[in-house]
Amino acid sequence: MKTLLVTGAAGFIGANFVRRALAQRPDWHIIAFDALTYAGNLENLAGFEECGRFEFVHADICDDAAVAEVLARSVWGVINFAAESHVDRSIQGAADFVRTNVLGTQVLLDQSRRHGVPKFLQVSTDEVYGSLGPVGKFTETSPLAPNSPYSASKASADLLVRAYHETHGLPAVITRCSNNYGPYQFPEKVIPLFITNLLEDQPIPLYGDGLNVRDWIHVWDHCDALLAVLERGQPGEIYNIGAGSELTNLLLTHAILRALGKDESMIRHVKDRPAHDRRYAIDAGKISTQLGWSPRIGFEQGLRDTVRWYVENERWWRSIKSGEYRLYYERQYGAV
Ligand code: NAD
Ligand code: TYD
């Protein structure tokens with residue numbers, strides 16, 4: 001059995017990753033490690049314990065002793081999803097972002113080094129590269145130019161990962177993925193926010209002129225790329241991950257409206273986000289040629305399936321929007 005420590009496992013991508021890893025890697029034992037912030041939801045991991053290869057640890061990646069305790073169990077790999085992940089929240093206040101994304105990553109790196117962890121995967125984002133003009137794509141050698149406190153904290157973590165590889169020889173890799181969508185995404189991010197607002201007959205707030213471009217990837221394609229990097233990625237390397245699905249927010253909004261049979265009158269044009277990155281686009285050539293990964297889910301199909309998931313899982317998102325989901329884990333773990 002290979003034991004994998006998955007931090008941030010109760011969030012959107014972490015939970016999808018654990019589900020896929022348990023299904024596709026029968027010799028893996030997963031330790032899901034999560035502080036259960038507002039974005040962590042134990043319901044995302046419901047039922048996993050039944051397979052006998054899954055356990056949940058309620059702890060903070062900034063807690064040195066808690067991280068040391070799990071890594072003492074001859075862990076084969078660490079994959080770090082734990083983060084504060086929402087740009088708008090980082091504009092309201094950056095402290096939690098620096099604490100978890102930078103300090104928390106340093107604690108994981110230090111303890112991984114001490115315990116001789118053979119693989120460390122830092123799940124990063126294309127947002128560390130900043131903003132593109134109308135042409136060109138981010139490659140792994142594009143300069144880091146983060147514009148939000150969120151992306152600055154992720155870029156800082158990436159630099160620490162690089163330094164631990166260079167200085168201490170920690171076998172670490174970094175992935176930088178574009179915008180994800182799919183099941184279990186917290187309804188503060190644009191796709192689940194718009195879908196669930198429309199299902200509640202509420203308006204949808206489109207920032208600025210709506211012409212900012214994001215490069216969308218289905219979360220399952222991202223998770224499969226992460227499996228490839230964990231198993232075949234070379235220490236010290238960076239791998240960009242993307243599916244080549246660029247869309248303006250306006251086109252995305254129209255696609256969501258169409259999928260739900262709503263019209264443009266639901267759009268509210270609101271003030272733009274400060275320092276709103278204009279365009280992201282990923283060149284995923286390196287992971288494709290070196291690791292043989294490529295995306296499988298086209299955006300139209302992926303969006304249709306995602307809309308259906310939110311329609312069919314109304315109880316999940318309604319309990320988040322009402323705040324009820326917090327009671328679920330407060331009952332188990334006390335107030336956090
Ligand atoms: P999310 O906000 O849905 O989940 C984050 C998880 O981390 C939550 O379960 C939360 O409880 C946990 N967490 C937060 N602080 C913690 C701490 N101090 N200790 C332990 N756990 C903590 O985020 P997501 O969208 O699933 O993103 C996961 C990772 O992927 C992040 O590192 C993010 O930067 C990166 N990423 C996200 C996207 C995207 O489009 N969502 C794209 C590229 C990269
Ligand atoms: P978001 O889901 O917050 O991801 P990120 O900022 O990490 O790319 O936003 C995606 C795009 O949608 C981004 O250009 C901002 C825009 N957006 C809106 O227009 N309205 C909203 O309510 C939100 C949350 C985002």
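As the structure lists them, so they are numbered: ligands from 1, and atoms in each ligand from 1. Keep in mind that the numbers below use all heavy atoms, side chains included, and drop hydrogens, waters and symmetry copies. Sequence positions, counted from 1, serve as the residue numbers for this chain.
Residue contacts with ligand 2 for Asp277 are absent, since no atom lies close enough (heavy atoms, distance under 4.0 Å). When heavy-atom distances to ligand 2 are checked against a 4.0 Å cut-off, Asn249 comes that close only through its side chain, counted from C-beta outward. Proximity of Arg273 to ligand 2, defined as any heavy-atom pair under 4.0 Å, is confined to the side chain (atoms from C-beta onward). If you look at Leu193 next to ligand 2, the close heavy atoms, those under 4.0 Å, all belong to the side chain.
Within 4.0 Å of ligand 1, protein heavy atoms belong to Gly8, Ala10, Gly11, Phe12, Ile13, Asp34, Ala35, Leu36, Thr37, Ala39, Gly40, Ala59, Asp60, Ile61, Phe81, Ala82, Ala83, Ser85, Thr100, Val123, Ser124, Thr125, Tyr150, Lys154, Cys177, Ser178, Asn179, Asn180, listed by chain and number.
With salt bridges taken as basic N to acidic carboxylate O contacts below 4.0 Å, one links Arg278 and Asp209. Look at Asp201 and Lys262 and you find a salt bridge, because one of the NZ, NE, NH1 or NH2 atoms lies within 4.0 Å of a carboxylate O, short of that distance. The pair Lys2-Glu231 does not count as a salt bridge, with every side-chain nitrogen at least 4.0 angstrom from each carboxylate oxygen.
Listed by number with element, the atoms of ligand 2 under 4.0 angstrom from any heavy atom of His276 are 13 (C), 14 (O), 15 (C). Residue His86 approaches ligand 2 through these ligand atoms, each under 4.0 Å from one of its heavy atoms: 3 (O). Heavy-atom contacts of Leu206 reach the following atoms of ligand 2: 19 (O) (cutoff under 4.0 Å). For ligand 2, the atoms sitting less than 4.0 Å from at least one non-hydrogen atom of Pro205 are 18 (C), 19 (O), 20 (N), 21 (C), 22 (O), numbered in the order shown with element in parentheses. Atoms of ligand 2 lying under 4.0 Å from any heavy atom of Val87, numbered from 1 in the order shown and given with element: 6 (O), 7 (O).
Using cut-offs of 30° and 60° for the angle between ring planes, the His276 and Tyr207 rings count as perpendicular. Ring geometry, Trp216 versus Tyr181: the interplanar angle exceeds 60°, so the pair is classed perpendicular (tilted spans 30 to 60°).
By the neighbour-count criterion of 12 heavy atoms within 6.0 Å, atom CD of Glu69 is sparsely surrounded, having that number or fewer from other residues, nucleotides or ligands. Within a 6.0 Å sphere centred on CH2 of Trp293, other residues, nucleotides and ligands contribute more than 12 heavy atoms. Atom CZ of Arg268 is surrounded by more than 12 heavy atoms from other residues, nucleotides or ligands within 6.0 Å. Around atom CD of Gln24, more than 12 heavy atoms belonging to other residues, nucleotides or ligands sit under 6.0 Å away.
The shortest N/O to N/O separation between Arg214 and ligand 2 falls below 3.5 Å. For ligand 2, none of its N or O atoms has an N or O atom of Lys189 under 3.5 Å away. Of the N or O atoms in Asp88, none lie within a sub-3.5 Å distance of an N or O in ligand 2.
Legend: residues meeting salt bridge (Lys or Arg N to Asp or Glu O under 4.0 Å) with Asp63, ordered by chain and number and at least two apart, are absent. Arg99 is linked by a salt bridge (Lys or Arg N to Asp or Glu O under 4.0 Å) to Asp60, counting only residues two or more places apart in sequence or in another chain.
For atom 4 (O) of ligand 2, the closest non-hydrogen atom of the protein is Asn179 ND2, 3.4 Å. From the protein, the heavy atom lying nearest to atom 19 (O) of ligand 2 is Tyr207 N, 2.9 Å.
Proximity annotation for atom 24 (C) of ligand 2: of Arg268, His269, Glu188, Arg279, Glu188 comes nearest, heavy atoms only. Between Leu250, Leu247, Val270, Val190, it is Val190 that holds the heavy atom closest to atom 2 (O) of ligand 2. Of the candidates Glu127, Arg89, Arg278, Glu127 brings a heavy atom nearest to atom 5 (P) of ligand 2.
Side-chain rings of Phe48 and Phe56 stay apart, their centers remaining 6.0 Å or farther from each other.
Each of Trp309, Tyr325, Phe12 was compared with Tyr184 under the ring pair (Phe, Tyr, Trp, His ring centres under 6.0 Å) criterion, and only Trp309 meets it.
Sequence neighbours left out, the pairs with a member in residues 160-188 that pass salt bridge (Lys or Arg N to Asp or Glu O under 4.0 Å) are Arg89-Glu188, Asp158-Arg176.
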